[in-house]
Trainee: 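Below are the structure tokens for one structure; questions will follow.
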Amino acid sequence: MINLNTYGWNDRLYQLKQESIHKTLPHGRVAIVHRTCYEVISENGLLQCELTGNMMYGKSDFELPCVGDWVIFQPFDESKGIITDMFPRERILYRKKSGTVADKQAIASYVDKAFIVQSLDDNFNVRRAERFVAQILEENIKPVLVLNKADLGFDKQEIEKYVKHIARQISVFFTSIHHPETILRLRESIIEGETVVFVGSSGVGKSSLVNALCEKSVLLTSDISLSTGKGRHTSTRREMLLMDGSGVLIDTPGVREFGLAIDDTDSLAEMLDISDYAKSCRFKDCEHTGEPGCAVLEAVDSGVLDHKVYESYLKLRREAWHFSASEHEKRKRNRSFQKLIHGVKEVKRQQEDSE
């Protein structure tokens with residue numbers, strides 16, 4: 001018998017289950033998503049599950065189960081089942097779908113922490129880290145910056161200077177699988193029942209970190225490429241794993257671009273440590289782009305606020321506004337479409353009544 005509390009099951013989830021018409025059926029958590037089926041961890045072990053027709057054809061791609069989702073299923077033998085219902089999602093990590101403006105792709109759900117992994121070679125990019133932090137905070141997930149491969153030669157003081165504005169808001173760890181004490185510190189930051197997702201570019205050592213945290217080889221890793229000197233991409237799917245006596249880890253395939261999909265642009269100022277300056281602006285609705293008495297611009301001009309951080313803030317804010325406007329327009333179109341369908345149905349009903 002598996003104790004699902006170690007996978008994050010709690011009283012709140014129990015109460016949510018009581019609201020389902022399928023509450024008498026067993027429940028579990030999605031561990032791996034394949035193209036046509038889902039591996040679900042339940043009290044009786046791992047099952048291969050498919051969706052009911054209503055779920056498969058009645059939901060958008062974004063609404064279909066992702067790794068970390070809690071589901072209710074109908075078992076039909078010891079190792080197979082049909083997913084009949086899905087718990088309302090919380091703390092979803094998602095990204096903007098490639099090639100679209102407002103469509104989102106769910107990466108994982110019921111996430112407590114997101115480890116943003118970068119390696120201390122030319123992969124290190126503080127602007128990319130800011131983008132990840134902004135998206136993660138939007139969903140009330142706690143971001144953690146993990147600077148991996150600390151055994152490489154690097155200037156720690158220089159790196160700390162680059163990330164000091166982020167480090168005021170979130171925890172930053174320097175790690176290396178060759179330095180066990182750095183892995184121990186990271187492991188101690190994860191508590192039992194907590195779900196941690198690893199995000200970052202390919203080749204930064206996410207899978208090796210997961211293996212080191214689990215103290216055994218649970219994910220495939222690859223050797224360093226001789227031609228580039230970097231790690232090769234290993235993970236090809238999102239996968240949930242349980243640490244002994246600790247939390248749940250979700251490894252993800254490398255994500256280099258992480259298009260913003262957020263509605264609250266005000267959170268960007270706080271995340272980038274700009275909000276304290278913004279409070280001193282002459283006007284409450286100051287845009288920090290040229291208004292008189294703008295304390296943010298004064299801080300940039302005086303060198304107190306790094307101009308690169310300020311430029312990043314403007315870029316992220318423009319992107320967030322663009323997404324928010326696109327979402328608003330999409331919702332408006334959906335409402336108009338629903339009204340049209342309702343009108344057609346009403347006309348059809350009246351015609352049937354008159355016959």
Side-chain angles (χ1 to χ4, degrees), residues 1-94 97 103-112 139-141 193-195 197 237-240 242 248 250 261 327 330-331 333-346 348-349 352:
M1 195 72 138
I2 292 173
N3 180 5
L4 288 181
N5 290 342
T6 60
Y7 283 89
W9 181 257
N10 54 39
D11 291 340
R12 170 161 171 73
L13 288 167
Y14 172 80
Q15 293 299 327
L16 286 172
K17 186 178 180 181
Q18 303 316 301
E19 298 171 12
S20 171
I21 60 172
H22 304 286
K23 64 183 179 182
T24 58
L25 294 175
H27 59 269
R29 196 171 188 194
V30 177
I32 301 175
V33 175
H34 299 286
R35 184 165 293 183
T36 58
C37 70
Y38 302 82
E39 293 188 29
V40 176
I41 189 75
S42 72
E43 289 181 336
N44 294 319
L46 196 66
L47 286 88
Q48 297 279 341
C49 293
E50 297 181 358
L51 299 176
T52 64
N54 284 342
M55 290 189 73
M56 185 179 295
Y57 301 110
K59 291 182 178 290
S60 66
D61 289 346
F62 179 73
E63 294 172 313
L64 294 176
C66 69
V67 172
D69 273 333
W70 287 94
V71 296
I72 298 174
F73 62 92
Q74 171 71 66
F76 59 83
D77 68 24
E78 289 184 358
S79 62
K80 293 183 180 178
I82 299 287
I83 295 174
T84 59
D85 201 2
M86 203 169 102
F87 286 66
R89 277 180 176 157
E90 296 179 4
R91 303 185 307 281
I92 318 161
L93 182 64
Y94 55 77
K97 246 184 179 177
D103 286 340
K104 297 179 291 189
Q105 178 185 13
I107 295 174
S109 68
Y110 285 92
V111 176
D112 298 295
E139 286 302 311
N140 294 318
I141 298 168
E194 193 170 56
T195 297
V197 65
R237 64 187 183 191
R238 287 172 277 281
E239 186 169 349
M240 189 172 74
L242 182 67
V248 174
I250 298 176
E327 276 285 280
K330 193 166 115 181
R331 286 193 290 266
R333 286 198 304 270
N334 285 342
R335 285 196 296 268
S336 298
F337 184 62
Q338 291 301 323
K339 284 182 181 177
L340 178 62
I341 291 175
H342 179 74
V344 170
K345 286 181 176 178
E346 183 63 22
K348 187 177 180 181
R349 186 186 65 79
E352 289 174 346

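Note that this is a predicted model, so its numbers are computed, not measured.
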Trainee: Would you say the side-chain atoms of Gln15 pair up with the backbone N or O of Asp11, donor to acceptor, closer than 3.5 Å?
Mentor: no
Trainee: For the atom pair CG (Leu16) and OH (Tyr14), what is the distance rounded to the nearest 0.5 Å?
Mentor: 12.0 Å
Trainee: Please report the closest heavy-atom contact between Val197 and Ala108, naming both atoms and the distance.
Mentor: CG2-CB, 4.3 Å
Trainee: Verify the distance criterion only: is there a donor paired with an acceptor across the side chains of Gln48 and Tyr38 at less than 3.5 Å?
Mentor: no
Trainee: Surrounding NZ of Lys23 (heavy atoms of other residues, nucleotides or ligands, distance under 6.0 Å), is the total greater than 12?
Mentor: no
Trainee: Return the set of residues passing side chain to side chain donor-acceptor pair (under 3.5 Å) with Asp69 (not counting sequence neighbours), or none when no residue passes.
Mentor: Arg89, Ser109
Trainee: My understanding is that only residues two or more places apart in sequence, or in another chain, count here; which of them pass ring-ring contact (aromatic ring centres under 6.0 Å, His included) with Phe87?
Mentor: Trp9
Trainee: Looking at every non-hydrogen atom in both residues, tell me the closest pair between Ile2 and Gly45 and how far apart they are.
Mentor: CD1-CA, 3.6 Å
Trainee: If only atom types and distance count, is the side chain of Asp112 paired as donor or acceptor with the main-chain N or O of Thr195 below 3.5 Å?
Mentor: yes
Trainee: What pair of heavy atoms forms the shortest contact from Val248 to Thr6, and how long is it?
Mentor: CG2-O, 3.6 Å
Trainee: Please output the side-chain donor-acceptor pairs of residues 73-84 that fall under 3.5 Å, not counting sequence neighbours, one pair per line with the distance.
Mentor:
{"from": "Asp77", "atom 1": "OD1", "to": "Ser79", "atom 2": "N", "distance (Å)": "2.8"}
{"from": "Asp77", "atom 1": "OD1", "to": "Lys80", "atom 2": "N", "distance (Å)": "2.9"}
{"from": "Thr84", "atom 1": "OG1", "to": "Ile72", "atom 2": "O", "distance (Å)": "3.3"}

Trainee: List the steps and the verdict of side chain to side chain contact (heavy atoms under 4.5 Å, CB included) for Val71 and Val30.
Mentor: CA-CA 7 Å; Val71 296; Val30 177; 4.0 Å; yes
Trainee: Calculate, to the nearest 0.5 Å, the distance between atoms NE2 and CD belonging to His27 and Glu43 respectively.
Mentor: 5.0 Å
Trainee: Of the non-hydrogen atoms in Val40 and Cys49, which two are nearest, and what is the gap between them?
Mentor: CG2-SG, 4.0 Å
Trainee: Is the side chain of Lys17 donor-acceptor paired with the backbone N or O of Leu25 at a distance under 3.5 Å, no angle test?
Mentor: yes
Trainee: To the closest 0.5 Å, what do you measure between CG (Leu93) and CD1 (Ile250)?
Mentor: 9.0 Å
Trainee: With rounding to the nearest 0.5 Å, note down the distance linking OG in Ser42 to CZ in Arg29.
Mentor: 14.0 Å
Trainee: When rounded to the nearest 0.5 angstrom, what is the spacing between CD1 in Ile92 and CZ in Phe62?
Mentor: 4.5 Å
Trainee: Taking C-beta and beyond as the side chain, do Tyr110 and Leu13 meet within less than 4.5 Å on heavy atoms?
Mentor: yes
Trainee: Please name the pair of heavy atoms, one in Asp85 and one in Ser20, separated by the smallest distance, quoted to 0.1 Å.
Mentor: OD2-OG, 2.6 Å
Trainee: Can you tell me how far the CD1 atom of Ile41 sits from the CE atom of Met240, to the nearest 0.5 Å?
Mentor: 7.0 Å
Trainee: Let's go through Arg12 and Glu90 carefully: what are the C-alpha distance in whole Å and the side-chain angles of both, what is the deciding distance for side chain to side chain contact (heavy atoms under 4.5 Å, CB included) to 0.1 Å, and is it a yes or a no?
Mentor: CA-CA 11 Å; Arg12 170 161 171 73; Glu90 296 179 4; 2.6 Å; yes
